[in-house]
Amino acid sequence: MGFLRKASQGIRPKCFHLWRTSSFLRGSIVNSRICPHRFALSQAFCSPSRQKSKEVDIDLSQYPPERIRNFSIIAHVDHGKSTLADRLLELTGTIKRGHGQPQYLDKLQVERERGITVKAQTATMFHKYNPVGDNASEQPPFLINLIDTPGHVDFSYEVSRSLAACQGALLVVDAAQGVQAQTVANFYLAFESNLTIIPVINKIDQPTADPDRVKAQLKSMFDLDSAHALLTSAKTGQGLEHVLPAIIERIPPPPGKSSSPLRMLLLDSYYDEYKGVICHVAVVDGVLRKGDKISSAATGQAYEVLDVGIMHPELTSTGILLTGQVGYVVSGMRSTKEARIGDTLHQSKTVVEPLPGFRPVKHMVFSGLYPADGSDFDALNHAIERLTCNDASVSVTKETSTALGLGFRCGFLGLLHMDVFHQRLEQEYGAHVISTVPTVPYIFEYSDGSKAQVQNPAALPSNPNKRVTVGWEPTVLATIIFPSEYVGAVITLCSERRGHQLEYSFIDSQRAFMKYRLPLREIVVDFYNELKSITSGYASFDYEDSEYQQADLVKLDILLNGQPVDAMATIVHNLKAQRVGRELVEKLKKFIDRQMFEITIQAAIGSKIIARETISAMRKNVLAKCYGGDVTRKRKLLEKQKEGKKRMKRVGSVDIPQEAFHEILKVS
């Protein structure tokens, strides 16, 4: 011990001397408490969210509205939007070439796995551009705000929100596949918003590319001048040098006034663990500074601006946002429910005219979500609350099922949106859920004259005292574009799904265009898969909601041993009830395990049984010990076993496996 004491005394003066003499090191460590990025150790222990928000000396005051361009990239699925966004970020030096992941703006794991964009993402770029003959080399660069949007029909609401912050759009079309259904839908969204549209024909490096045919389609479908179309390949970089000059020359600057009172349009919001709610805003008029007091026109609540900046491409604090600029605001909101999408934010104690917001989100598909284990309800509740903080387009209400216990009734924008929500619940929060058959909202009129909207089939009464007299179902206007040799198969499919043809034409000699009014119930599960199957994968499909139409609707109940299973109830058209009922009971027979008692599976409309299957009981061979003897002895043993099975059937419960619910989803 004496040796250790002497050794420690010998070391202590040296350590003290090192601390006393190295003033630089001492200053760095002290300063690291105030400014973490000065010292490497503090960076290692800093949370990822706090590292993301970086401070860069960007003076936004040198970018008046006439040097700002706001544009969006719109296209059909898999036409190269995100790859084109990557190349533009590299061309402007916003990200380094070869650094970071491909499809840089697709941040979610589900986006990277599926190769689709789910959330619209914003990035601010700076680009020096001098027109030919202009010697004004001292002028500052242009500030360009890029918004990458989803291409799938389910997320068209994200696209409409993104276009509200833009003055122009790049309409990207695949040079091999040509104009497809979502191209048409997105063009009309941009056209209705009075945006300048720049056609970009992408993937011209492909062997099957035919730019001339695509130019002819753009002219015939949208009356766009083919001479102004840009030919590019985002993969190889060919033709990309013309994209940014075209954006600057053709897209007008934002029309706001710097001298007017502050008005901001709230485009999107998400929840951050450290900062709270982060709002993406477009400044329409006026100036926003850090420390300002702002109010919401929708809720009237006041907030203090704690941080303000741009996405470059990560959160970059600038302390100010000027007219026409798109950025983020941190104002201390506790929940995304306070940040209403499409709201107008303005300075407190000033009266401004609210900006025209967005049409409210319309849920097309409803499904029940239940924990696979009934004891996990609180964990599922917490996971859904956390996830809806970042996906405000899902509606959630609590409900109870006699078969599955406590759960939630959720409204989604479409079937892919529902699938993505389930996947994010499992990947990000480890939740295991059972989902019921997706349904659509119906309207029913009863014999007493009352009307009600029904989202959950179990809520529709089956008792004869309250009889349904009339039913209405939602319809959609479907746009289908496909090769002309598949016309007969597509017409047959739409007729089977109770469709009504509205329009039929040819885009060119190889492609046909059809418009149908279809019941939403008929397309919500497997219509798209069937369409892809009969057209060898070449058809593209898009839809928009339409009005309700009267239909002969009935409630189809599934009974297990005479007891209705409310989680399996569906509403179907009367003409299809027999077939759907038979398919359901056959599927259930395959997936429900045999028990020690007989299980009867029935499909019923009211009190009328339309289909039945029986799962026989597992039973012991009670006659094994009888070698010969009188038949009455054998009959007595069998009757005794039969009575025991009856008693067991009265008290026994049938366990429905999760696979049975997944299989029912496939029965339309």
Side-chain angles (χ1 to χ4, degrees), residues 362-370 395 397 399-404 407-412 414-415 418 435-447 450-476 496-499 517-527 545-560 564-585 587-588 601-611 660-661 663-668:
K362 189 167 186 180
H363 300 107
M364 307 286 278
V365 177
F366 291 85
S367 174
L369 287 184
Y370 298 88
S395 71
T397 53
E399 71 172 8
T400 308
S401 162
T402 52
L404 299 171
F408 301 90
R409 171 73 34 178
C410 300
F412 303 98
L415 211 64
M418 183 179 90
S435 58
T436 62
V437 185
T439 61
V440 298
Y442 298 97
I443 296 174
F444 288 100
E445 185 176 329
Y446 300 111
S447 51
S450 61
K451 284 185 181 179
Q453 189 181 58
V454 176
Q455 297 166 359
N456 184 359
L460 187 65
S462 301
N463 62 329
N465 297 331
K466 202 173 183 184
R467 195 167 45 84
V468 172
T469 53
V470 188
W472 289 271
E473 63 179 348
T475 61
V476 295
E496 286 174 356
R497 300 303 177 99
R498 299 188 286 124
R517 175 171 277 113
L518 286 160
L520 179 59
R521 169 75 179 82
E522 298 291 338
I523 67 164
V524 83
V525 177
D526 63 344
F527 179 81
D545 58 288
S546 185
E547 74 269 3
Y548 276 73
Q549 70 177 15
Q550 194 169 324
D552 185 10
L553 303 169
V554 292
K555 179 186 176 185
L556 184 66
D557 283 309
I558 299 295
L559 312 177
L560 291 180
V565 182
D566 55 354
M568 291 187 176
T570 55
I571 294 172
V572 294
H573 195 272
N574 202 6
L575 294 175
K576 294 193 169 189
Q578 198 94 14
R579 179 179 63 81
V580 173
R582 198 176 303 115
E583 286 181 17
L584 282 174
V585 295
K587 290 266 187 187
L588 281 174
I601 308 169
Q602 296 168 312
I605 299 172
S607 57
K608 181 185 175 185
I609 305 296
I610 59 169
F661 286 95
E663 283 303 312
I664 284 179
L665 291 181
K666 297 175 185 174
V667 181
S668 70

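Just so it is clear, the model here is predicted, and its values are computed rather than measured. All values below were derived from every heavy atom in this structure, side-chain atoms included, with hydrogens, water molecules and symmetry-related copies excluded.
The CD atom of E473 sits 11.5 Å away from atom CD1 of I443, with the distance rounded to the nearest 0.5 Å. A distance of 4.5 Å separates CG of L584 from CD1 of I558, quoted to the nearest 0.5 Å. Rounded to the nearest 0.5 Å, atoms CD1 (I571) and CG (L556) are 10.5 Å apart.
Using a 4.5 Å heavy-atom cutoff, the side chains of V454 and T439 are not in contact. Proximity of Y446 to L460: side-chain heavy atoms (C-beta onward) are separated by under 4.5 Å at one or more points. By the 4.5 Å heavy-atom criterion applied to side chains, V468 and L553 are not counted as neighbours. Side-chain contact between H573 and D552: present, with at least one pair of heavy atoms (C-beta onward) separated by less than 4.5 Å. No side-chain heavy atom of V470 sits less than 4.5 Å from a side-chain heavy atom of F444. You'll find the side chain of E399 reaches within 4.5 Å of the side chain of Y370, heavy atoms only.
Minimum interatomic distance between H363 and G411 (heavy atoms only, all atoms of both residues): CD2-O, 3.3 Å. Contact detail for A604 and L559: the closest heavy-atom pair is CB-CD1, 4.2 Å. Nearest heavy-atom pair, V585 versus A603, reported as atom, atom and distance to 0.1 Å: CG1-N, 3.8 Å. Across all non-hydrogen atoms, the minimal contact from L518 to R497 is CD2-O, 3.9 Å. Closest non-hydrogen pair, A577 versus V554, comes out as CB-CG2, 4.1 Å. Here the shortest heavy-atom pairing between K555 and A458 reads NZ-O, 3.9 Å.
At least one donor-acceptor pair under 3.5 Å links the side chain of T469 to the backbone N or O of E445. Under a 3.5 Å cut-off, the side chain of R467 and the backbone N or O of S447 do not form any donor-acceptor pair. Under the 3.5 Å distance criterion, the side-chain polar atoms of R521 are left unmatched by any main-chain donor or acceptor of Y442. Within the 3.5 Å criterion, the main-chain N or O of S435 finds no donor-acceptor partner in the side chain of S367.
Not counting sequence neighbours, F366 has no partner by the ring pair (Phe, Tyr, Trp, His ring centres under 6.0 Å) test. Partners of F527 according to the ring pair (Phe, Tyr, Trp, His ring centres under 6.0 Å) rule, which considers only residues two or more places apart in sequence or in another chain, are F541.
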* To do: Begin from the C-alpha positions of I601 and L560 and carry the test side chain to side chain contact (heavy atoms under 4.5 Å, CB included) through to its verdict.
  => CA-CA 5 Å; I601 308 169; L560 291 180; 3.7 Å; yes
* Audit row: D566, N456, side chain to side chain contact (heavy atoms under 4.5 Å, CB included) steps and yes/no -> CA-CA 9 Å; D566 55 354; N456 184 359; over 6 Å; no
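Salt bridge annotation for R498-E522: present, with a cationic side-chain nitrogen under 4.0 angstrom from a carboxylate oxygen. Ion pairing between a basic and an acidic side chain is recognised when a charged N comes within 4.0 Å of a carboxylate O; E583 and R579 show such pairing. Between E547 and R517 a salt bridge is recorded (basic side-chain N to carboxylate O distance below 4.0 Å).
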